[in-house]
Amino acid sequence: IPCMSYCPSQVDIPGYIALVADGRYDDAVQLIRKDNPFPTACAFVCEHPCETNCRRTMVDDAINIRALKRYAVDHGGHQPAPAAAPATGKQVAVIGGGPSGMTAAYYLQLMGHQVTVYERLQYLGGMLRYGIPSYRLPRQRLDEDLQHILDTGVEVRYGVNVGTDITLDTLMEQYDAVYLSIGAHTDKKLNIAGEDAVGVMSAVEMLRLIGENNPPDFAGKRVVIVGGGNVAMDAARSSVRLGAEKVTIAYRRRKKDMTALAEEVEGAIAEGCEVLELYAPDSVTVDENNGCVAMRLRPQMVGAIDRSGRPSPVDAPEAAVE
């Protein structure tokens, strides 16, 4: 089935849609959890590749699959955690409490193994909590999925940095198996002059601060976001919510070439963000104290189609602008 084959979790999409149609919302959520323990989180933020491959498009338009999942989780009651298989006596350590680690913990616990999650931060969720703003994924709804996983008997040790507080070798001695799910929390660099200036931060850092309830103060400031993906839209729309006077999104390709979901791009524009198409970052202008005062952008032109199926940007003959 095309929708299922394009679902990263291979969720039984026709099955839970049929259950929703029959008003069996609890059963629909339980069917989703058979393959994905984060039905609520995915109902809010999944990029729904299933819909682009829905067979209904051969007739008119795709079924709104993600919205039906959202309807199920919103109308379903509290489902108790399923009974685990008989205990195997095996113990497993999971390093990292993000979506990968908690998914592994959930299914391992249901198999009868005792799982202990080692989480470096104060809360579980990984990039679901520290990379997605709460206006897209409310924290209390994320906690619903996490609590369901914990209800299976998974144990968690918070504030433990594996490598300093406890070594990997020690864990491998104490447990029958160790699952590494440390995530991808390192940001990428633009490799341009001035990007180490005061006032320049990565989207990863910015969204982490927001997830930690310690957001940066953008009141009355002008903010430039570089990029055209979903993370860039998250950063732009979060900047608006943090009081920025003006938010500009600089993207080296055309707006229609952005990898962000169309609704996220349109949402950013509706909230007042300006999109500069065909402008690539050139350098950051700094003052005598190494503080950011402006960003220089190089005009781009549409080039040849690359492996992603989009035209590659190339430098235009015009000079860079601030």
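If you read the sequence from its start, that first residue is 1, and numbering goes on from there. Keep in mind that this is a model prediction, so the values were computed, not measured. Excluded from the calculations below are hydrogen atoms, water molecules and symmetry mates; all remaining heavy atoms, backbone and side chain alike, are included.
- Rounding to the nearest 0.5 angstrom, the gap separating the CG atom in Leu146 from the OH atom in Tyr106 is 12.5 Å.
- Heavy-atom neighbours of Met301 CE from other residues, nucleotides or ligands within 6.0 Å: above the threshold of 12.
- In terms of heavy atoms, Cys292 sits closest to Val200 at CB-CG2, 4.0 Å.
- The heavy-atom pair separating Tyr6 from Pro49 by the smallest distance is O-CG, 3.4 Å.
- Pro311 approaches Arg253 most closely through the heavy-atom pair O-NE, 3.1 Å.
- Between Leu68 and Val20, the closest heavy-atom pair is O-CG2, 4.0 Å.
- Between the Asp217 side chain and the Ala219 main chain, a donor and an acceptor come within less than 3.5 Å of each other.
- Side-chain atoms of Gln174 and Gln91, non-hydrogen and from C-beta on, never get closer than 4.5 Å to each other.
- Surrounding CG of Leu168 are more than 12 heavy atoms belonging to other residues, nucleotides or ligands, all under 6.0 Å away.
- The main-chain N or O of Tyr130 is never found under 3.5 Å from a side-chain atom of Glu212 such that the two would form a donor-acceptor pair.
- Under a 3.5 Å cut-off, the side chain of Arg296 and the backbone N or O of Ala320 do form a donor-acceptor pair.
- Pairing each heavy atom of Ile249 with each of Cys273, the nearest pair is CD1-CB, 4.1 Å.
- Between the side chain of Gln10 and the backbone N or O of Met4 there is at least one donor-acceptor pair closer than 3.5 Å.
- Other residues, nucleotides and ligands place no more than 12 heavy atoms under 6.0 Å from the CZ atom of Arg222.
- Under the 4.5 Å side-chain criterion, counting only non-hydrogen atoms from C-beta, Asn53 is not in contact with Ser5.
- Note on Asp74 versus Arg141: salt bridge recorded, some NZ/NE/NH1/NH2 to OD/OE distance being below 4.0 Å.
- The two atoms that bring Cys42 and Lys69 nearest to each other are CB-NZ, 3.9 Å, heavy atoms only.
- In this structure, CG in Leu278 is found 9.5 Å from OH in Tyr251, a value given to the nearest 0.5 Å.
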**OP:** Test Glu195 against Val226 for side-chain contact (heavy atoms from CB on, under 4.5 Å), laying out the working first.
**Re:** CA-CA 12 Å; Glu195 69 175 323; Val226 177; over 6 Å; no
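- Although no hydrogens or angles enter the test, the distance criterion places no donor-acceptor pair under 3.5 Å between the side chain of Asp22 and the main chain of Arg24.
- Salt-bridge annotation for Arg56 and Asp60: present, with a side-chain N of the basic residue lying under 4.0 Å from a carboxylate O of the acidic one.
- Placement of Val115 and Leu180 in two distinct hydrophobic clusters is found when ILVMFWY residues are connected by side-chain heavy-atom separations under 4.5 Å, directly or transitively.
- Counting only heavy atoms from C-beta outward, the side chains of Leu276 and Leu297 approach each other to under 4.5 Å.
- Checking Arg157 against Tyr118 by side-chain atom types alone, a donor-acceptor pair falls below 3.5 Å.
- Val162 is not connected to Val94 by any chain of hydrophobic side-chain contacts under 4.5 Å among Ile, Leu, Val, Met, Phe, Trp and Tyr, and they are in different clusters.
- In this structure, CZ on Arg33 lies 8.0 Å from CD1 on Ile149, to the nearest 0.5 angstrom.
- Of the residues Glu264, Glu266, Glu277, the one that meets the salt bridge (Lys or Arg N to Asp or Glu O under 4.0 Å) test with Lys255 is Glu266.
- Between Asp12 atom CG and Ile1 atom CD1 the span is 7.0 Å, to the nearest 0.5 Å.
- A salt bridge between Asp234 and Arg136 is present, with a side-chain N of the basic residue lying under 4.0 Å from a carboxylate O of the acidic one.
- In this structure the side chain of Phe44 never reaches within 4.5 angstrom of the side chain of Leu142, judged on heavy atoms.
- To the nearest 0.5 Å, atom NE2 of residue His113 and atom CG of residue Asp176 are 9.0 Å apart.
- Ile269 and Leu261 are not part of a single hydrophobic cluster, where members link through side-chain heavy atoms under 4.5 Å apart.
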Original post:
So Phe38 and Ser9, side-chain contact (heavy atoms from CB on, under 4.5 Å) or not? Walk me through it.
Top reply: CA-CA 10 Å; Phe38 287 96; Ser9 297; over 6 Å; no
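- With contacts defined as side-chain heavy-atom distances shorter than 4.5 Å, the pair Tyr16/Ile65 qualifies.
- Listed for the Asp287 side chain is a donor-acceptor partner under 3.5 Å among the backbone atoms of Gly291.
- Glu119 places a side-chain N or O within donor-acceptor distance of the main-chain N or O of Gly97, the cut-off being under 3.5 Å.
- At a cut-off of 3.5 Å, with distance as the only test, no side-chain donor of Asp169 or Thr167 sits close to an acceptor on the other residue.
- Within 6.0 Å of atom OH in Tyr107, more than 12 heavy atoms from other residues, nucleotides or ligands are found, so the atom counts as buried in its surroundings.
- Figure legend: Arg237 and Tyr135 shown without cation-pi pairing, the cationic atom not lying both under 6.0 angstrom from the six-membered ring centre and within 45 degrees of its axis.
- Expressed to the nearest 0.5 Å, how far OH of Tyr71 lies from CG of Asn64 amounts to 13.5 Å.
- Ring geometry, His75 versus Tyr25: the interplanar angle falls from 30° to 60°, so the pair is classed tilted.
- Looking only at distances, no side-chain donor or acceptor of Thr285 sits under 3.5 Å from a matching main-chain atom of Met295.
- In the hydrophobic clustering of this structure, Met102 groups with Leu137; members are Ile, Leu, Val, Met, Phe, Trp, Tyr whose side-chain heavy atoms approach within less than 4.5 Å, directly or through other members.
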Original post:
Does the pair Arg208 and Asp187 meet the rule for a side-chain contact (heavy atoms from CB on, under 4.5 Å), with working shown?
Top reply: CA-CA 11 Å; Arg208 166 69 62 79; Asp187 51 34; over 6 Å; no
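- A 6.0 Å sphere centred on CD of Glu263 holds more than 12 heavy atoms belonging to other residues, nucleotides or ligands.
- Formation of a donor-acceptor pair under 3.5 Å by the Asp145 side chain with backbone atoms of Thr40 is found in this model.
- A 4.5 Å side-chain heavy-atom check between Thr116 and Tyr175 finds at least one atom pair inside the cut-off.
- Residues Leu190 and Val321 are members of one and the same hydrophobic cluster, defined by side-chain heavy-atom contacts under 4.5 angstrom among Ile, Leu, Val, Met, Phe, Trp and Tyr.
- Put simply, the side chain of Asp257 does not reach to within 4.5 Å of the side chain of Val302, judged on heavy atoms.
- Between His148 and Pro37 there is no side-chain heavy-atom pair separated by less than 4.5 Å.
- Remark: the backbone N or O of Gly272 is not paired with any side-chain donor or acceptor of Glu274 at under 3.5 angstrom.
- Under the 4.0 Å criterion applied to side-chain N and carboxylate O atoms, Asp143 and Arg129 are assigned as salt-bridge partners.
- Side-chain N/O atoms of Asp26 and Gln30 include no donor and acceptor closer than 3.5 Å.
- Using a 4.0 Å cut-off between a side-chain N of Lys or Arg and a carboxylate O of Asp or Glu, Glu51 and Arg66 do not qualify as a salt bridge.
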